[in-house]
Number of protein chains: 2
Amino acid sequence: MSLKHAILGFLSVRPLSGYDLKRAFDHSVQHFWPADQSQIYRSLRQIHEAGFVEQEVIPRDGKLDVKIYHLTEAGQSELIDWLRTPLDPQDNREPFLIQLFFSGLLRQDELLALLKHQRSQIDDLLQLYRGVYNASTREVDDADFQRRVTMSLLTLEYGVRLNHAYRGWLDEVIQRIEQGDWSPPTWQNMLGQGDADQGESNDR
Amino acid sequence: MSLKHAILGFLSVRPLSGYDLKRAFDHSVQHFWPADQSQIYRSLRQIHEAGFVEQEVIPRDGKLDVKIYHLTEAGQSELIDWLRTPLDPQDNREPFLIQLFFSGLLRQDELLALLKHQRSQIDDLLQLYRGVYNASTREVDDADFQRRVTMSLLTLEYGVRLNHAYRGWLDEVIQRIEQGDWSPPTWQNMLGQGDADQGESNDR
DNA sequence: CTATTTTATAGGACGCGTCCTATATGTTAT
DNA sequence: ATAACATATAGGACGCGTCCTATAAAATAG
């Protein structure tokens with residue numbers, strides 16, 4: 001259900017067409033929420049039917065009309081309601097884990113090739129993130145815009161942190177398998193290398 | 001496409017019914033690949049039509065037949081082929097990031113409440129994982145079984161590592177927002193607190 | 001000058017996943 | 001004794017997402 005709300009989020013800044021929205025997605029949240037063009041238009045239609053946006057139709061001779069979507073009050077409050085709603089965390093299906101889980105059917109060198117390929121993929125992603133970071137830290141204007149840039153960087157940081165952790169895990173798995181170490185990891189091992197923090201300070 | 005291959009994976013160990021498969025999923029890979037009962041049966045039908053499994057039909061008076069699925073040679077090689085195929089990493093859509101991204105419409109205390117709720121959810125998950133870990137380290141029999149337990153623990157370790165990183169990131173975001181610090185994080189910040197490793201050793 | 005890209009919207013087909021419901025019997029809880 | 005759960009399979013409806021295709025004109029690249 002997040003795509004519709006992300007659209008409302010963008011429209012809360014200023015009115016946009018479906019095409020504008022596609023670009024907005026591609027330029028800001030694409031890293032953690034890629035949006036399909038078709039899906040945007042379909043969602044827009046549903047959002048419109050629900051009364052969360054109004055269409056400003058701009059005719060173009062011969063071609064299909066351009067439709068600029070304006071957030072209504074109902075849309076604004078729907079968005080804010082959703083923003084306030086705690087979501088339960090997603091189960092992040094990672095197909096690679098299925099491969100690893102059933103990799104008993106592979107030879108050790110095949111498994112290692114798979115793991116190393118995965119690691120290089122993560123490295124590529126991490127480098128891509130770094131590029132995004134470098135690009136985004138160049139222009140900072142007013143305070144409101146600054147806040148938005150920071151938000152953007154926080155979500156980017158999420159991506160970097162998680163992929164960095166992924167990379168670290170892959171490294172250790174590769175090391176263990178290369179050394180033929182099939183002993184089960186300890187819980188301390190699981191939390192990360194030198195980390196002695198037990199995380200027993202749940203303040204809630 | 002991973003569900004079908006996961007099913008083939010389970011069937012490569014021993015023939016199972018749809019019902020058995022559902023239990024197998026729930027007891028071993030549920031943490032990173034929850035499987036819907038209906039979806040399992042549907043996939044089983046498709047896998048059967050593709051010739052990757054054979055049905056052993058066991059009639060039950062009045063009730064629907066029990067069908068035990070046996071992996072065929074075609075199925076075995078399909079599985080091994082897939083296991084050898086490098087997959088590109090998934091984009092892990094995390095709805096919470098959308099909320100954070102558009103949280104400019106919330107008051108600071110509302111944002112903090114959201115963040116802390118998320119953190120407690122992660123803590124719950126982490127504790128659940130710890131329970132799974134404790135349960136799985138109790139029984140270790142033969143060497144082949146040991147290998148499977150270790151595989152299981154490696155995937156669990158993946159979950160622990162990533163959620164641990166998630167938690168750490170949340171903690172820092174909470175801290176920054178509580179201190180009203182809206183300055184953009186540095187790249188060093190992004191890679192994790194005291195971590196000076198630049199990860200420039202891409203051997204591929 | 002031609003080919004591609006950009007601007008702009010939208011439908012079709014299909015895959016995967018979730019939730020709900022139906023059917024039917026035996027076995028445990030309360 | 002009755003309610004709930006386990007065993008076992010399967011269809012319907014629906015949502016979200018992806019990929020492909022159509023249409024059409026202007027702008028830009030080679």
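Not measured: the values here are computed from a predicted model. Chain letters run A, B, ... following the sequence lines, proteins first, then strands; residues in each count from 1.
Of all the residues in residues 12-30 of chain A, A:Ser17, A:Gly18, A:Tyr19, A:Arg23 reach under 4.0 Å from DNA chain C with at least one non-hydrogen atom.
Atom pair B:Leu44:CG and D:dA8:C1' shows a separation of 12 Å (rounding to whole Å applied). For the pair A:Lys63 NZ and D:dA26 P, the interatomic distance rounds to 6 Å; values are reported in whole Å. Between B:Tyr41 atom OH and D:dG12 atom P there is a gap of 17 Å when expressed in whole angstrom units. In this entry the distance linking NE2 of A:His48 with P of C:dT9 reads 14 Å, nearest Å. Following rounding to the nearest Å, B:Ile47 (CD1) and D:dT9 (P) show an atom-to-atom distance of 14 Å. In this entry the distance linking CZ of B:Arg60 with C1' of C:dA24 reads 8 Å, nearest Å. Following rounding to the nearest Å, A:Gln55 (CD) and C:dA10 (P) show an atom-to-atom distance of 7 Å.
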Which donor-acceptor pairs under 3.5 Å do side chains of residues 50-59 of chain B form with protein atoms, sequence neighbours excluded?
| residue | atom | partner | partner atom | Å |
| --- | --- | --- | --- | --- |
| B:Gln55 | NE2 | B:Tyr69 | OH | 3.0 |
| B:Glu56 | OE1 | B:His70 | NE2 | 2.4 |

Which pairs would a plain distance check flag for residues 3-15 of chain B, meaning a side-chain donor or acceptor within less than 3.5 Å of a matching protein atom at least two apart in sequence or in another chain?
| residue | atom | partner | partner atom | Å |
| --- | --- | --- | --- | --- |
| B:Lys4 | NZ | B:Gln46 | OE1 | 2.9 |
| B:His5 | ND1 | B:Met1 | O | 2.9 |
| B:His5 | NE2 | B:Glu78 | OE2 | 2.8 |
| B:Ser12 | OG | B:Gly9 | O | 2.6 |

Would you mind building the protein contact string for nucleotides 15-21 of chain C? One character per nucleotide, 5' to 3', B for base within reach (heavy atoms under 4.0 Å), S for sugar-phosphate only, - for untouched.
-> -SBBBB-
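At a threshold of 4.0 Å, the pair A:Arg167-A:Glu172 does not count as salt-bridged, since none of the basic side-chain nitrogens sits closer than that to a carboxylate oxygen.
Residue pairs satisfying the side chain to side chain donor-acceptor pair (under 3.5 Å) criterion with at least one member in residues 29-39 of chain A, sequence neighbours excluded, are absent. Counting only residues at least two apart or in different chains, salt bridge (Lys or Arg N to Asp or Glu O under 4.0 Å) contacts with residues 81-91 of chain B comprise A:Glu110-B:Arg84, B:Asp91-B:Arg93.
For A:Asp109, the salt bridge (charged side-chain N to carboxylate O under 4.0 Å, His left out) partners two or more places apart in sequence, or in a different chain, are A:Arg107. Scored by the side-chain hydrogen bond (donor to acceptor under 3.5 Å, both in side chains) test, A:Gln118 finds A:Tyr166 as partners (sequence neighbours excluded). Under the side-chain hydrogen bond (donor to acceptor under 3.5 Å, both in side chains) criterion, A:Lys22 pairs with A:Asp26, sequence neighbours left out. With sequence neighbours left out, the salt bridge (charged side-chain N to carboxylate O under 4.0 Å, His left out) criterion links B:Arg60 to no other residue. Residues passing the salt bridge (charged side-chain N to carboxylate O under 4.0 Å, His left out) test with B:Glu49 are B:Arg45, sequence neighbours excluded.
At its two ends the helix from C:dC1-D:dG30 to C:dT30-D:dA1 runs along axes set 40° apart, each axis drawn from five pairs and the angle rounded to 10°.
Side-chain N or O atoms of B:Asp124 include none that pairs as donor or acceptor with a backbone N or O of B:Gln121 at under 3.5 Å.
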